[in-house]
Participant: 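What follows is a single structure, and I will ask about it in a moment.
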Amino acid sequence: GRSAPALRRAREEVEQALRGIGEDRTAAFALATPGVDEIYANYGAFLAECPQAVLQGTLAKLERMLRQLVATCAEQQLFRACQATTPFMFDLFFYFVLLKYGLVELYAGHAGGKEGVGNVTASGLHRGWPLLEQEERVWYLFGTLWRVIWPRRDYCACVEAYDYY
């Protein structure tokens with residue numbers, strides 16, 4: 001479609017950013033991905049043509065949000081506010097999960113043909129987008145944030161009871 005050049009540039013941008021940081025398992029370096037950010041901001045225009053680009057944009061947004069929360073929640077005056085709002089920090093992640101597994105279901109339905117649901121591989125789902133690489137960074141940052149907010153408590157406390165602390 002007419003958005004193909006923008007999609008190609010955005011994917012190359014993410015791939016280059018990930019190559020540029022090398023083996024950054026701790027997600028210490030931020031990725032600069034303005035093309036993917038633009039796709040996220042205008043997801044409705046891209047979702048039907050390339051849901052992988054929207055997933056990548058969602059991961060980029062999650063990564064930036066988590067970086068900001070880790071830095072902000074480490075400040076003593078905001079610590080309790082972060083604990084009180086922990087359950088809501090997952091809202092954008094839920095959006096990502098719904099989109100990802102909706103895509104899995106869609107592709108599995110196509111793979112299954114008349115018989116129903118077929119198998120879908122990661123490469124079949126990702127279609128060349130470096131989703132797994134950035135998703136691993138997001139998971140690492142979620143863990144980091146969790147340890148900042150709940151350093152001495154049961155990490156599941158906020159899920160079990162919002163007023164645990």
Side-chain angles (χ1 to χ4, degrees), residues 1-73 82 85-146 148-149 158-159:
R2 62 177 198 199
S3 60
L7 290 168
R8 190 171 29 264
R9 281 191 307 271
R11 186 170 88 190
E12 290 168 359
E13 167 189 274
V14 174
E15 290 169 343
Q16 183 178 355
L18 286 166
R19 274 193 308 273
I21 59 170
E23 291 291 317
D24 181 25
R25 298 203 185 281
T26 63
F29 300 101
L31 299 179
T33 55
V36 171
D37 299 341
E38 182 66 27
I39 289 170
Y40 177 81
N42 299 299
Y43 69 90
F46 294 95
L47 188 58
E49 185 176 348
C50 188
Q52 291 82 2
V54 175
L55 279 170
Q56 196 81 54
T58 305
L59 286 168
K61 179 75 172 178
L62 268 168
E63 186 173 330
R64 274 192 309 283
M65 180 189 75
L66 289 167
R67 284 181 182 292
Q68 180 64 33
L69 285 170
V70 167
T72 301
C73 292
C82 288
T85 59
T86 302
F88 306 105
M89 293 178 189
F90 292 101
D91 288 352
L92 186 60
F93 181 67
F94 289 145
Y95 168 76
F96 168 76
V97 168
L98 288 172
L99 185 58
K100 178 180 177 180
Y101 288 99
L103 194 57
V104 168
E105 188 172 317
L106 175 70
Y107 288 176
H110 291 303
K114 292 180 181 176
E115 292 79 39
V117 178
N119 290 328
V120 179
T121 63
S123 63
L125 179 68
H126 297 168
R127 303 213 170 162
W129 286 81
L131 294 166
L132 183 59
E133 293 87 342
Q134 195 161 16
E135 187 176 351
E136 288 172 354
R137 294 169 58 82
V138 166
W139 278 112
Y140 182 87
L141 289 167
F142 261 119
T144 301
L145 176 62
W146 206 256
V148 165
I149 295 173
C158 83
V159 177

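Keep in mind that what you see is a predicted model, and the values were worked out from it rather than measured.
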Participant: Distance from Thr58 atom OG1 to Glu63 atom CD, nearest 0.5 Å?
Facilitator: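 So the OG1 of Thr58 and the CD of Glu63 are separated by 13.0 Å.
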Participant: So do Gln134 and Trp129 actually touch side chain to side chain, heavy atoms under 4.5 Å?
Facilitator: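 No; the side chains remain at least 4.5 Å from each other.
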Participant: If we ignore hydrogens and angles and just use 3.5 Å, is the side chain of Gln52 paired with the main-chain N or O of Arg127 as donor and acceptor?
Facilitator: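 Not a single qualifying donor-acceptor pair exists.
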Participant: Taking all non-hydrogen atoms of both residues, which atom of Leu145 and which atom of Leu66 are closest, and how far apart?
Facilitator: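 Smallest interatomic distance, heavy atoms only, reads CD2-CD2, 3.8 Å.
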Participant: With a 4.5 Å heavy-atom cut-off, do Arg137 and Leu18 have their side chains touching?
Facilitator: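 Yes. Closest side-chain heavy atoms under 4.5 Å.
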Participant: First locate atom CD1 of Ile149, then atom SG of Cys82, and finally report the distance between them rounded to the nearest 0.5 Å.
Facilitator: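 Ile149 CD1 to Cys82 SG: 5.0 Å, rounded to 0.5 Å.
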Participant: Specify the closest pair of heavy atoms between Ile39 and Ala6, including all atoms of both residues, with the distance to one decimal.
Facilitator: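 The pair with the smallest heavy-atom distance is CD1-O, 4.5 Å.
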Participant: Salt bridge (charged side-chain N to carboxylate O under 4.0 Å, His left out) with Lys61: which residues, sequence neighbours excluded?
Facilitator: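 Result, salt bridge (charged side-chain N to carboxylate O under 4.0 Å, His left out) vs Lys61: none returned.
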Participant: Hey, are the side chains of Glu136 and Leu132 touching, using non-hydrogen atoms and a 4.5 Å cut-off?
Facilitator: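 Glu136 vs Leu132: side chains touch.
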Participant: Of the non-hydrogen atoms in Gly128 and Arg11, which two are nearest, and what is the gap between them?
Facilitator: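 In terms of heavy atoms, the two residues are closest at O-CD, 3.4 Å.
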Participant: If you measure from NZ on Lys100 to CZ on Phe93, what distance do you get to the nearest 0.5 Å?
Facilitator: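 Lys100 NZ to Phe93 CZ: 8.0 Å, rounded to 0.5 Å.
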Participant: Taking atom CD of Glu133 and atom CZ of Arg19, what is their separation to the nearest 0.5 Å?
Facilitator: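 If we round to the nearest 0.5 Å, Glu133:CD and Arg19:CZ are 11.0 Å apart.
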Participant: Identify the heavy atoms of Ala4 and Glu49 that sit nearest to each other, and give their distance.
Facilitator: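 Closest pair (atom of Ala4, atom of Glu49, distance): N-OE2, 3.9 Å.
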Participant: Can you give me the closest heavy-atom contact between Val14 and Val36, atom names plus distance?
Facilitator: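 Minimum heavy-atom contact is CG2-CG2, 3.0 Å.
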Participant: What distance do Leu55 atom CG and Leu47 atom CG have between them, rounded to the nearest 0.5 Å?
Facilitator: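 Reported value, rounded in 0.5 Å steps: 8.5 Å.
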Participant: Are Tyr95 and Leu62 close enough that some pair of their side-chain heavy atoms sits under 4.5 Å apart?
Facilitator: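 A side-chain contact is absent here, since even the closest heavy-atom pair is not under 4.5 Å.
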Participant: Kindly give the heavy-atom pair with the smallest separation between Ala32 and Ala17, and that separation in Å.
Facilitator: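 Nearest pair, atom of Ala32 first, then Ala17: O-CB, 4.2 Å.
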Participant: Let me know which of Val120, Leu106, Leu131 forms a side chain to side chain contact (heavy atoms under 4.5 Å, CB included) with Leu125.
Facilitator: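 Only match with Leu125 under side chain to side chain contact (heavy atoms under 4.5 Å, CB included): Val120.
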Participant: Is there a donor-acceptor contact under 3.5 Å from the side chain of Thr121 to the main chain of Gly124?
Facilitator: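 Yes.
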Participant: Please confirm whether the backbone N or O of Leu31 pairs with a side-chain atom of Arg64, one donor and one acceptor, at under 3.5 Å?
Facilitator: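 The answer is no, because no donor-acceptor pair under 3.5 Å joins these two groups.
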Participant: After noting the C-alpha distance and the side-chain angles of Val148 and Leu69, does the key distance pass the side-chain contact (heavy atoms from CB on, under 4.5 Å) rule?
Facilitator: CA-CA 9 Å; Val148 165; Leu69 285 170; over 6 Å; no
Participant: Once you round to the nearest 0.5 Å, how far does CZ of Arg67 lie from OG1 of Thr144?
Facilitator: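 The OG1 atom of Thr144 is 9.5 Å from CZ of Arg67, to the nearest 0.5 Å.
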Participant: Under the salt bridge (charged side-chain N to carboxylate O under 4.0 Å, His left out) rule, collect the residues that match up with Glu12, sequence neighbours excluded.
Facilitator: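 By the salt bridge (charged side-chain N to carboxylate O under 4.0 Å, His left out) rule, Glu12 matches no residue at all.
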Participant: For atom CZ of Phe142, is the number of surrounding heavy atoms from other residues, nucleotides or ligands below 6.0 Å larger than 12?
Facilitator: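 Yes, enclosed.
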